[in-house]
Undergrad: 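I am attaching a structure below and will ask some questions about it afterwards.
Just so it is clear, the model here is predicted, and its values are computed rather than measured.
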Amino acid sequence: MIIAFCCLLFFIYKLVLLWPLRQQRDKRWWFGLATAVLALSGIIFGLITDIVAQKALGVLLMPTGLLWILLTALAGLLWWMRHQRFALLASFIWCLYTLTGNKMI
């Protein structure tokens, strides 16, 4: 699962770097795309061989998991756009939603 998570972080990092340069596709851009595809294949390989990762992915693909992912993205986007008041509200809702879904609390 750690391998899949590391590959996911690297994949997101590469996509963030590639997005602004999508209009100029030189050798560096194509190399970056190739490394992103390689990271994606690492994610797939890591998820196929690990039952814990498969279960975690299954939970995230359920409606409540998708809502959690959307709240995470919304809070991140609002912080990035510097809407502090709404970002704080979205982060607070995300924290409450995360804590209510935790079986240990």
Undergrad: Would Ile93 and Trp68 show up in the same hydrophobic cluster when neighbours are defined by side-chain heavy atoms closer than 4.5 Å?
TA: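 They do share one cluster, since a chain of ILVMFWY contacts under 4.5 Å joins Ile93 to Trp68.
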
Undergrad: Can you tell me how far apart CG (Leu67) and OG1 (Thr72) are? Round to the nearest 0.5 Å.
TA: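 Taking CG in Leu67 and OG1 in Thr72, the distance rounds to 9.0 Å.
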
Undergrad: May I ask whether Leu71 and Ile69 are part of the same hydrophobic cluster, defined by side-chain heavy atoms of I, L, V, M, F, W, Y residues being less than 4.5 angstrom apart, directly or through others?
TA: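 Looking at the clustering, Ile69 is in the same group as Leu71.
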
Undergrad: When the side chains of residues 76-89 are checked against the rest of the protein, which donor-acceptor pairs come out under 3.5 Å, sequence neighbours left out?
TA:
from: Trp79; atom 1: NE1; to: Ser91; atom 2: OG; distance (Å): 2.8

